[in-house]
Amino acid sequence: MSKIIYLDNAATTQLDENVFEEMKPYFVEHYGNPSSVYSIASESKKAIDIARERVANSIGAEVSEIYFTNGGTESDNWAIKGIAENYVNKGKHIITTKIEHHAVLHTCEYLEKQGYEITYLNVDEDGLVNIEELEKSIRPDTILISIMFANNEIGTIEPIKEIGEIAKKHNIIFHTDAVQAFGHVPIHVNEMNIDLLSASGHKVNGPKGIGFLYIRKNIKLKSFIHGGAQERQRRAGTENVPGIVGLGAAAKIACDNMEERAKHLIKQRDYLMEQIEKNVDYIRLNGHRTKRLPNNVNFCFRFIEGESLLISLDMEGICASSGSACTSGSLDPSHVLLAIGLPHEIAHGSLRLTLSHNTTKEELDFVVEQLKDIVNRLRAMSPLYEDFVKAQK
Amino acid sequence: MSKIIYLDNAATTQLDENVFEEMKPYFVEHYGNPSSVYSIASESKKAIDIARERVANSIGAEVSEIYFTNGGTESDNWAIKGIAENYVNKGKHIITTKIEHHAVLHTCEYLEKQGYEITYLNVDEDGLVNIEELEKSIRPDTILISIMFANNEIGTIEPIKEIGEIAKKHNIIFHTDAVQAFGHVPIHVNEMNIDLLSASGHKVNGPKGIGFLYIRKNIKLKSFIHGGAQERQRRAGTENVPGIVGLGAAAKIACDNMEERAKHLIKQRDYLMEQIEKNVDYIRLNGHRTKRLPNNVNFCFRFIEGESLLISLDMEGICASSGSACTSGSLDPSHVLLAIGLPHEIAHGSLRLTLSHNTTKEELDFVVEQLKDIVNRLRAMSPLYEDFVKAQK
Amino acid sequence: MYTEKVMDHFKNPRNMGEIEDASGIGTVGNAKCGDIMRVFLKIEGDVIEDVKFKTFGCGAAVATSSMATELVKGKTVKEAMAVTNKAVMEALDGLPPVKVHCSLLAEEAIHAALWDYAQKHNIEIDGLKEPKADIGEHDSFEEI
Amino acid sequence: MYTEKVMDHFKNPRNMGEIEDASGIGTVGNAKCGDIMRVFLKIEGDVIEDVKFKTFGCGAAVATSSMATELVKGKTVKEAMAVTNKAVMEALDGLPPVKVHCSLLAEEAIHAALWDYAQKHNIEIDGLKEPKADIGEHDSFEEI
Ligand SMILES: Cc1ncc(COP(=O)(O)O)c(C=O)c1O
Ligand SMILES: Cc1ncc(COP(=O)(O)O)c(C=O)c1O
């Protein structure tokens, strides 16, 4: 295997060299605990301030509304469990969707066991939430609407502004899991009426193990992780200074280059979709064709199973992902693919290709070529394809 | 300020150059998500396996009993809240001490609000827990004993083996916050009957933002952070690969060199204590004189306040810490110093000097010299000292 | 994730294909769970002269099908009956725990084809039971 | 954490010391909370001819004592009464929010010394109230 073509940028991204350069001094040199009194600690403190400002700027928030966490998962847990706990006197009803990331879904399921009631909204065949259904599901005891900004599997971007308006109109707190959207599409917490927003560093060429939760000023959200007085007494634990610095740098780079990168990526994405559709039959595009993340391509290939597709691509140096159960060791294929109405056997044959701004057209051409061969090979092996062909005759 | 003398290693430590070297490849080069199918992910997977083994070896645990977290605070939160939730059917009583870190104390206070009952054990004037008092406080509904391995302020090492025996005898789960002890003093979870153990990377020359929780095989501990299937479905969130690698490397280095470093540090520590006692009067050693962390020195200096001491030391390039309230912005001085029986005004004048294995005798001599002058200067400024001197006459 | 043997059998599956005039054909698994195996047997006398498979499924599913067919090829029916999922796994130098069910499926696919052969030829094979119509319900792996 | 001005007044406190034959002495704060300030005033005619302080407390406590004494030195009693904690903070280019109480303490220490002076000389100073015996109970900062 000579060259790697990495098309799994929704899973994690390569740390930007420039981001790493900004982080470096905070490992060995400026290691002071930012909470300390002495002056060498101020190096760390200043670095955190700058990072917080960069992050705040990237979503139109105030500096004091940004809280650093360990990643998107912690942010989701904190937002949802925190609101559930704090607003329990108002009610125990939460609205979310069927296509959230497990960080939201499993947190909601945990809350269900604690006596909360969760409405899991349906989505249409493109993965879009229905605004009317959302509004209808609001009850007097609804305390939170948590709907993801963009879906991590199929890339569909939800109508966040409209959802924010509904939430505001009904005076309900609105959380969005923006882990996939942050740094990739424009986000403005005020224009979109977002009260809480989760994001993760490593999805935007930042470091792993760092993320943030945006908490609107007026929102009462208690600590989720208790202990020291860090993060204005809301998130305890010694600050991960290099991580925070890296997140700040990554946020800045992503936002400064967003427009240009998105334009390029959309072109690449649409080219890849077109080429796959031209070269392989019996496939289905998953997710909305245009309301989708600039870097996300997701197809189901009928009669074949995702994992064997992934391994075959890997043999050619292509890194991708699948919503197939086999990759996770569980039985059912991705809940997202089932929620957009795919039958199990088709859902098992999904392939997600997520591009980076460095992906080249040559790489995409190579991928399509390989994909064509692999699909043919796997279909030749498939009893489902055999049955299908025989039935056609 | 020409040279910095860093004596705040209990707050955080300098990342070891060698540890950083081991981490480096996992930032930009091997950035693959370890949960992925393709082969480049196996680099990350292997690195995590090695780190897990190193950590397990360092406390005599099995590899499958180590769960990576974001740090000591998260580990403490997980252990205590997790046990509280899982064993609620057995009871709602938890035993801890008055001198725990806030990560434990504030978590326990949170649980009190949820209806749990917490016994906060007293400690003696050296900060030691009384085993008989511990045993007496055990009730049929006691579900957890959480006692720190070594105290972060005064350095006292608790009789962990004896506590473990009591816990075992009464069939109660035993958690220890070993954030300060890990890598500094020998720990063996089986010999000490420890069921859960928290530790943090940055306290042992490892990176910030990473820690672990040891969970004994038979302990039922649900997830605290819900989401993806990472860490054998117990701790969700994309793995912080460089952080994990760094923690593993730091654990190995700390344990390989523990004996030698501790011997050296104890000599240095005792020398520093002796010199301070010889050169400054009206002082009190905090913590047990011998049952203490090899690197911890803590004194109260009567008639002066800790923060002004710290700032004065900082002006001479010396980084230290204090249990004074002023450093934290709250009213009361350290709960630890109050728990060992110090009156408020004395507790306000504490100074913690925590050494590293690189601290030299010359540095210590310089510190003592400066300290002497500073204490004299601040006392000359102190109305309390004025009253004291007048009363002596 | 997989051993070299598994990867080899995935890359170069042995006995992949169909047998036109098969003595017995068995299909097990279901698309819902993401694994379907179909085994074709050509039995002459009491000997499995030829065997082919088709599989829809993950890497382990393909590899176990390939290995299972290898292990029964040329064997008598009785010998083939003795080829367990364990034997398949061992021959592949092991499988990840979450993939053990694939080896069971391979064993069952052979048995289903033998059952079909037995039905067609009105014979009874020692120890062979009627295959379940749907063996999709394999255990999910430990969830805490 | 602190401004340069604060650091300067901490390093080189102005007016630190005692006045043997002070016209008024005031002590405020308490050791429990970690801040005690004592102010000595030498008043001649209506003018503060000299002022000294002693302080047990944090960097801000020392700096605000130093600055407050500077601000009242040479002033009339009435002018000294007009020196507020805000003026002290401004003169120091600000204080961290958690340290604002130190500036209040400094204001109160001046007032307490003036009160002592007024008592001893049996005069009344406009707007001056008896100092609290213990002003330790300053507000803890916002806890969420
Ligand atoms: C939509 C979404 N939410 C949450 C997460 C969790 O983020 P992390 O793994 O960084 O904690 C992810 C990625 O894994 C995601 O794609
Ligand atoms: C005893 C003890 N427990 C817990 C912690 C919390 O660790 P961390 O800040 O790494 O989360 C610390 C250090 O801050 C500590 O000293």
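Hydrogens, waters and symmetry mates are skipped; everything else that's a heavy atom, side chains included, is used. Chain letters run A, B, ... following the sequence lines, proteins first and then strands; every chain starts at 1.
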Checklist entry - Given side chains that start at C-beta, do those of A/F388 and A/F303 come closer than 4.5 Å, heavy atoms only? => result yes
Item to check | SB check A/R377 A/D373 (cutoff 4.0 Å) | outcome: no
Item to check | Check: C/I123 main-chain N/O paired with C/H121 side-chain donor or acceptor under 3.5 Å | outcome: no
Checklist entry - Taking 4.0 angstrom as the limit, do A/D8 and A/R352 come out as a salt bridge? => result yes
Checklist entry - How about residues 60-80 of chain C versus chain A: which residues have heavy atoms under 4.5 Å apart? => result C/A60, C/V62
Checklist entry - Does atom NZ of C/K86 have more than 12 heavy-atom neighbours, drawn from other residues, nucleotides or ligands, at distances under 6.0 Å? => result no
Checklist entry - Should the pair A/H102 and A/H106 be assigned to parallel (<30°), tilted (30 to 60°) or perpendicular (>60°) ring geometry? => result parallel
